[in-house]
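Encoded as structure tokens, the structure appears first; notes follow it.
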Amino acid sequence: MVVITEEMIKQFETLMDKADEPLKKTFQNMHNGYPKENLVRFLKARDGNLANAHKMLVDCLYWRIQNEIDNILAKPINPSDLCRAIRDSQLIGMSGYSKEGLPVIAVGAGRSTFDKASIHYYVQSHIQLNEYRDRVIMPNVTKKFGRYIGTCIKILDMTGLKISALNQIKLLSVITAIDDLNYPERTKTYYIVNAPYIFSACWKVVRPLLQERTRKKVQVLSGSGRDELLKIMDYESLPHFCRREASGSSRNSVNGATSDCFSLDHPFHQQLYSYVKEQSAVVRSTAPLRHGSFHVDFPEHDPDPKIVQAIESEFQKIGNQNGICQSLEKVKLNGD
């Protein structure tokens, strides 16, 4: 693992001092008073190579300016029925905090269908969640704990994973590329839970193809992962699909509020929804807002061909074993 030294950071700071004012302004919005810690993120993402880290950060800042990312939390997804449909098909939420204070992000990877809106709405929703995490959640928890907190934990629920999920691999690749290029080193650990055989088989062949830095962050837990996760968080912060009495992605409530953190009715999403409405009202008082989806430029990022080939091969084996080869022919790995 590359060690980021104070000298690297000082050299990076010197380079950023020479940046144009618009870049400095959006960087200020991004780092929320912690510029050094954010420079370290980009250095880690480029294995300590200062020139590459500087280019990555500058490219990210230009992307933020060109796509008005600083204002994306003032761009509500309307109407509310569309917002709810996106939440029901892009399963993601926040269930609480780890014992160290890290936000716990839950992802319903197995049951997300991404079939209720255009790709632009799903990308907008994903970026809004990132920005709310980075500009609201993390600064608040940093203040609460009295020390900088700049990473989160992600728990991926593989319940319901099917071969047809591969139809969405291009959309998922776009979202992954946006995170890799513009939100690097924000996740400390990825926990995989409720993994069916179909995932385990693919993970076995895909894991060696991933970068070492990524591999080290991924942990596949047995079953719902409840006992292991309780070592790093309290029961109240466990996602609903990790709780023994709520296995899978069933919906339930605690004290009248839903504990399904994917639901638009969950306190986290209600707070995010209200925050975006409030920010929108502030901006609208000074300038009219555009209607429709907030189109963000994203890279035409095709999946790694080696990983695609490995998944195809493994699914073909599974198909041969279970007599489901015909269903594989309907899967479009490139999302075309």
Side-chain angles (χ1 to χ4, degrees), residues 29-30 32-34 69-108 112 116-117 121-146 148-157 175 179 183 186-187 233-243 246 249 251-285 289 293-294:
N29 290 332
M30 187 174 80
N32 279 297
Y34 293 90
I69 301 300
D70 289 343
N71 294 324
I72 200 170
L73 287 177
K75 307 287 185 179
I77 295 176
N78 289 317
S80 58
D81 287 347
L82 175 60
C83 186
R84 184 173 293 278
I86 291 172
R87 285 281 58 80
D88 289 342
S89 54
Q90 183 184 32
L91 303 181
I92 187 170
M94 181 177 150
S95 60
Y97 299 89
S98 73
K99 293 176 181 178
E100 293 180 322
L102 277 60
V104 177
I105 306 298
V107 182
S112 292
K116 303 298 183 184
Y121 280 115
Y122 286 116
V123 169
Q124 176 183 352
S125 172
H126 180 79
I127 295 174
Q128 284 181 328
L129 285 163
N130 280 355
E131 292 291 312
Y132 187 70
R133 174 199 65 196
D134 296 353
R135 291 157 58 185
V136 178
I137 297 294
M138 286 181 177
N140 286 344
V141 75
T142 291
K143 184 177 180 180
K144 177 181 177 180
F145 278 77
Y148 177 71
I149 293 177
T151 58
C152 68
I153 289 170
K154 287 187 178 178
I155 305 176
L156 281 64
D157 178 26
I175 289 176
D179 284 354
Y183 301 93
R186 279 300 194 191
T187 302
M233 67 186 71
D234 295 331
Y235 181 83
E236 291 72 19
S237 291
L238 280 179
H240 57 285
F241 51 79
C242 293
R243 301 180 182 187
S249 293
R251 295 172 183 270
N252 48 87
S253 61
V254 177
N255 297 326
T258 179
S259 62
D260 178 358
C261 59
F262 299 150
S263 171
L264 185 61
D265 298 319
H266 187 271
F268 167 73
H269 282 297
Q270 285 296 299
Q271 291 163 13
L272 170 57
Y273 187 74
S274 297
Y275 183 87
V276 173
K277 284 178 64 178
E278 291 170 2
Q279 295 301 306
S280 174
V282 171
V283 173
R284 193 168 54 242
S285 66
L289 278 175
S293 62
F294 188 69

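- Side-chain atoms of N130 and D179 include a donor-acceptor pair closer than 3.5 Å.
- Between K116 and I86 there is no side-chain heavy-atom pair separated by less than 4.5 Å.
- Using modelled atom types, no side-chain atom of R133 and backbone atom of V136 make a donor-acceptor pair closer than 3.5 Å.
- Applying the salt bridge (Lys or Arg N to Asp or Glu O under 4.0 Å) test to residues at least two apart or on different chains, the pairs with a partner in residues 122-131 are R64-E131, E131-R135.
- Contact of the S95 side chain with the M233 side chain is not registered, since no non-hydrogen atoms from C-beta on lie closer than 4.5 Å.
- A donor-acceptor contact shorter than 3.5 Å links the side chain of S112 to the backbone of L91.
- Residues V104 and K154 fail the side-chain proximity criterion, which asks for heavy atoms closer than 4.5 Å.
- The shortest side-chain heavy-atom distance between S125 and I77 falls under the 4.5 Å cut-off.
- For R84 (side chain) and S263 (main-chain N/O), no donor-acceptor pair under 3.5 Å exists by modelled atom type.
- A 4.5 Å side-chain heavy-atom check between Y97 and I137 finds at least one atom pair inside the cut-off.
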What side-chain donor-acceptor pairs closer than 3.5 Å can you find for residues 271-279, not counting sequence neighbours?
{"residue": "S274", "atom": "OG", "partner": "Q270", "partner atom": "O", "Å": "3.0"}

ask   = Are D134 and R186 close enough, and set up right, to give a salt bridge (charged side-chain N to carboxylate O under 4.0 Å, His left out), and what steps lead you there?
value = CA-CA 9 Å; D134 296 353; R186 279 300 194 191; 3.4 Å; yes

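- Atom CD of residue Q124 and atom NZ of residue K75 lie 9.0 Å apart, to the nearest 0.5 angstrom.
- Between H240 and F262, the ring planes lie perpendicular to each other; the angle is over 60°, past the 30° to 60° tilted range.
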